Amino acid sequence: MFTLRNLLLVVQVISVVFLFIESVYVFSKLKTDIHKYLFLNCIATLINNTGYFLMMISVNEEQCFAGLLMSYFGRVWIPFSLFIFALKICKIEIKKYLIILLAFLHTFIYCLVFTSRWHGLYYAKSEYIYKDGWSFFENENGIIHNIYSVVLILYIVVGMFLLIRNTIKEKMPIAKIRMTFVTVAILIQCMGFIVNLTGVTHGYDCTVMGYAVGTLFMIIAIFRFKLLDTLEIARDYVIDELSEAIMVINNDGKLEYYNKPATEILFRNDSENEYEDWIARMEDAIESDKPIELAGRLYSPNIKTLFHNDESCGKIYVLVDDTDHYNYMQKIKEQRDIAEEANASKSAFLSIVSHEIRTPMNAVIGMTDLLLRDSESLSDKQEKYLKNISTSGQSLVMIVNDILDQSKIEAGKMEIIEQPYEIRPMADDVKLIIENRIGSKPIHLIYEIEDDVPQYLIGDSLRIRQILINLMNNAVKFTETGYIRLKVEVTDEKSGSRLLRFSVKDSGQGIRPEDLSKLGQAFTQVDTKKNHSKEGTGLGLSISRDFISMMGGLLEVTSEYGKGSEFYFEIWQGIANGLNSNDSVVMKQPWQTDTEFRAPEARVLIVDDAELNLMITEELLKPVGMTVDVAQSGETALEMIEKNHYHAIFMDYMMPYLDGVETTKLIRKLALEKKDDYYKYVPIIALSGDTSDSTRESFMCAGIDDFTEKPVEVKKLKKLLLKWLPKELIKSVANK
């Protein structure tokens, strides 16, 4: 006969089977904390329902009590796992110590049930009853049972509130349905517990029936709506944990979804109906390329069209908090402005210092050279003093040049300019300079340029020359006796180019091993105590290292303290085939101008506000035999140029009232006013102590044709005259 007991037994068996399947499936998906607590709930419910089934079919008190203990082994963990599961799925953070405290509470309850026959704390009184084939205990609840029941009711109230609230607020349809089934499943289990507390079911514990029915809804949520889909859980979690506010709008312009940050940033007062205003505001911000300011924060909007199967299905609006980025960029801009201002100030300072140092040095070196030109009337002692003055002046100019080069390198404005040049004349010039530096020191100068080094190369000969002079000057400075050797050799070759190895070796004092790392640092000397009397800024090696690096090489050094050092580097240089020394394409450096000439029919004008500089330049040009006029201001120069047609004009850069650039602009302007191309084409050559890039650029913009730096050298002046004077005016050209 099919009775109510049999029906309940069938339901119990079915629930056990379903719970077993559910437990296995959940275990296979065990990835997150949500999975773990759901799995704990499934196992606890499976044990509870299995134990209660054993109670239902027991025939004596011992069997019934064994089933009860098994049932409670799972039952005490059901409310614990469901409560934590509800918190996790609602994204509520719970402290680890609280989880441990609750776990201890439920373990304590099981211990009380297990020992209930020996005390009356959980069940004050318990009586075994067997009626109509039904085994159960009729219990009178103790004080701990009542307190525990209150705790479980608190679980139910808090958990259901969170679940229902999240279900209502959920915007994604599939997620909303999934949350609904989870909420219903847990609600049914809670209702079973509450009904059981009333005692209306007498011997049957309807909590078990609640677990069975709740399991059915949970299975639907798991299998039909992918409750345990890791991607779904991850998506929900990640989207809500983003700092960006996200809104999803369908093709009808309706709000389909928004994440937690959108609630906090855009809909603080649950004003979801205002989403259209936010959409319009974000679109306006994108169009104007300006951030949106909210509560002192700056947000950048972004809009993307959503596609599914190549069809638009809506748009996603993203608001990114870019406050820190904007503040950082503002600080970067401020720092950049400060750096640019400082760099401009430094450049202006160097420009002024360069000019102010070079101008008097022009007088010192120029007057010294003029005196040395008449060496026959000088005593040996006077000639020696004058040479020392000239050498010291040149050293000071070299220091200024080094500082300017270092400034250009730091600003990234230094360039390597490659063009054809002759290597052996360049080396001869370096040799001549270093011989003057050596003076009376007992040092043997050795030059070795291997025969396989091509005569005509392609590279930046100015920088290579500067590097070699720096390295050899350094060798002279730290070598008192012995030798200094410059060697150039080919170490590798390929089509159209050679790898040249330049080395400067000396027998000087050498470098301590601990000081090698300091080499090449700007404004730094090694072994300071020993070398305090050695002149120099320490820039030479630093600049040489940077130049070599810009040419693709590396400055290296080997040294033995007390025995000498060797500095060397390797750079690739192109081969200029088919050239000779007369080819115009071969770069003629100032040191290669060995030509003597006269130009008696030429007439030049020198413009400089310093009378001493006018005298020096005029005297330096005397051997050329040309007519030289002078002007001490730009205004005077303009008057003289209108009266006389000059073949070339040497123009000082810095002058009061009208400087060289302004005067040149007025000269070029005369070409339009007087309709005379002479003023347009007359060669104007700047004489400047400032060689900065900005100054050179201002020369070009004003119409200045060429320039030479102060101190003015005879070779440079002659080279400029050969370049700019009409060829028919140059007479009696002959080599020395």
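Here, residue 1 is the first one in the sequence, and each next residue gets the next number. Everything numeric in this text was worked out from a predicted model, so none of it was measured.
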Looking only at heavy atoms, which two atoms of Glu422 and Tyr456 are closest? And how far apart? CG-CE2, 3.0 Å

Determine whether a donor-acceptor pair (N or O, by modelled atom type, separation under 3.5 Å) exists between the side chain of His647 and the backbone of Leu725. no

Would you say the side-chain atoms of Asp705 pair up with the backbone N or O of Ile684, donor to acceptor, closer than 3.5 Å? yes

Please evaluate residues Tyr421 and Ile464 with respect to the criterion side-chain contact (heavy atoms from CB on, under 4.5 Å), reporting the C-alpha separation (whole Å), side-chain torsions for both, the decisive distance (0.1 Å), and the verdict. CA-CA 11 Å; Tyr421 70 96; Ile464 295 174; 3.5 Å; yes

Counting C-beta onward and ignoring hydrogens, is there a side-chain heavy-atom pair between Leu658 and Glu635 closer than 4.5 Å? yes

Side chain of Asp659, backbone of Val661: donor and acceptor closer than 3.5 Å? yes

Does anything in residues 600-645 pair up under ring-ring contact (aromatic ring centres under 6.0 Å, His included), and if so which pairs, sequence neighbours excluded? His645-Tyr678

Ionic contact status for Lys622 with Glu619, cut-off 4.0 Å: yes

Test side-chain contact (heavy atoms from CB on, under 4.5 Å) on Met651 and Leu687; report intermediate values, then the result. CA-CA 6 Å; Met651 182 78 66; Leu687 303 176; over 6 Å; no

Heavy atoms only: give me the nearest Thr664-Ala702 pair and the separation to one decimal. CG2-O, 3.5 Å

Show your working on side chain to side chain donor-acceptor pair (under 3.5 Å) between Asp629 and Tyr646 and close with a plain yes or no. CA-CA 9 Å; Asp629 293 340; Tyr646 294 100; 2.8 Å; yes

Do the two ring centres, one from Tyr653 and one from Phe699, sit under 6.0 Å apart? yes

State whether the side chain of Thr617 and the backbone N or O of Asn613 hold a donor-acceptor pair below 3.5 Å, judged by distance alone. yes

If you look at every heavy atom in Leu605 and Ile641, which pair is closest and at what distance? CD2-CG1, 3.8 Å

Would you mind reporting whether Ile458 and Ile575 have side-chain heavy atoms less than 4.5 Å apart? no

Checking Arg463 side chain against Phe547 main chain: does a donor-acceptor pair fall under 3.5 Å? no

Does any N or O in the side chain of Ser507 come within less than 3.5 Å of the main-chain N or O of Thr481, such that one atom is a donor and the other an acceptor? yes

Identified salt bridge (Lys or Arg N to Asp or Glu O under 4.0 Å) counterpart of Arg501 within the set Glu556, Glu450, Glu566: Glu566

Taking Lys333 first and then Asp337, would you say they form a salt bridge - that is, a charged N and a carboxylate O separated by under 4.0 Å? yes

Looking at Gly564, is its backbone amide N or carbonyl O close enough to the side chain of Ser559 to form a donor-acceptor pair, meaning the two atoms are under 3.5 Å apart? yes

Would Arg668 pass as a cation-pi partner of Tyr679, given that its NZ or CZ must be under 6.0 Å from the six-membered ring centre and within 45 degrees of the axis? no

Short side-chain to backbone donor-acceptor contact, Arg485 and Val504, under 3.5 Å: no

Are Asp706 and Trp724 close enough, and set up right, to give a side chain to side chain donor-acceptor pair (under 3.5 Å), and what steps lead you there? CA-CA 9 Å; Asp706 212 332; Trp724 292 107; 3.1 Å; yes

Keeping Thr636 on the side-chain end and Gln632 on the backbone end, is there a donor-acceptor pair under 3.5 Å? no

Atom CD of Glu611: over 12 foreign heavy atoms under 6.0 Å: no

Over all heavy atoms of both residues, which pair between Pro454 and Ile423 is shortest? Give the atoms and the distance, please. O-CG2, 3.5 Å

Given Thr663 and Met655, is the side-chain contact (heavy atoms from CB on, under 4.5 Å) satisfied, shown in steps? CA-CA 10 Å; Thr663 304; Met655 296 184 294; 4.2 Å; yes

Between Lys441 (side chain) and Gly482 (backbone), is there a donor-acceptor pair under 3.5 Å? no

Please test Lys505 against Ile484 for side-chain contact (heavy atoms from CB on, under 4.5 Å), starting from the C-alpha separation and ending with a verdict. CA-CA 6 Å; Lys505 189 172 183 179; Ile484 296 173; over 6 Å; no

For a quick test of reading the model, state the closest non-hydrogen atom pair linking Ile543 to Gln466 and the distance between them. CG2-NE2, 4.1 Å

Rounded at 0.5 Å granularity, tell me how far CG in Leu445 sits from CG in Leu486. 8.0 Å

Grab the two heavy atoms, one from Lys731 and one from Pro600, that are nearest each other, plus how far apart they are. CG-CD, 4.0 Å

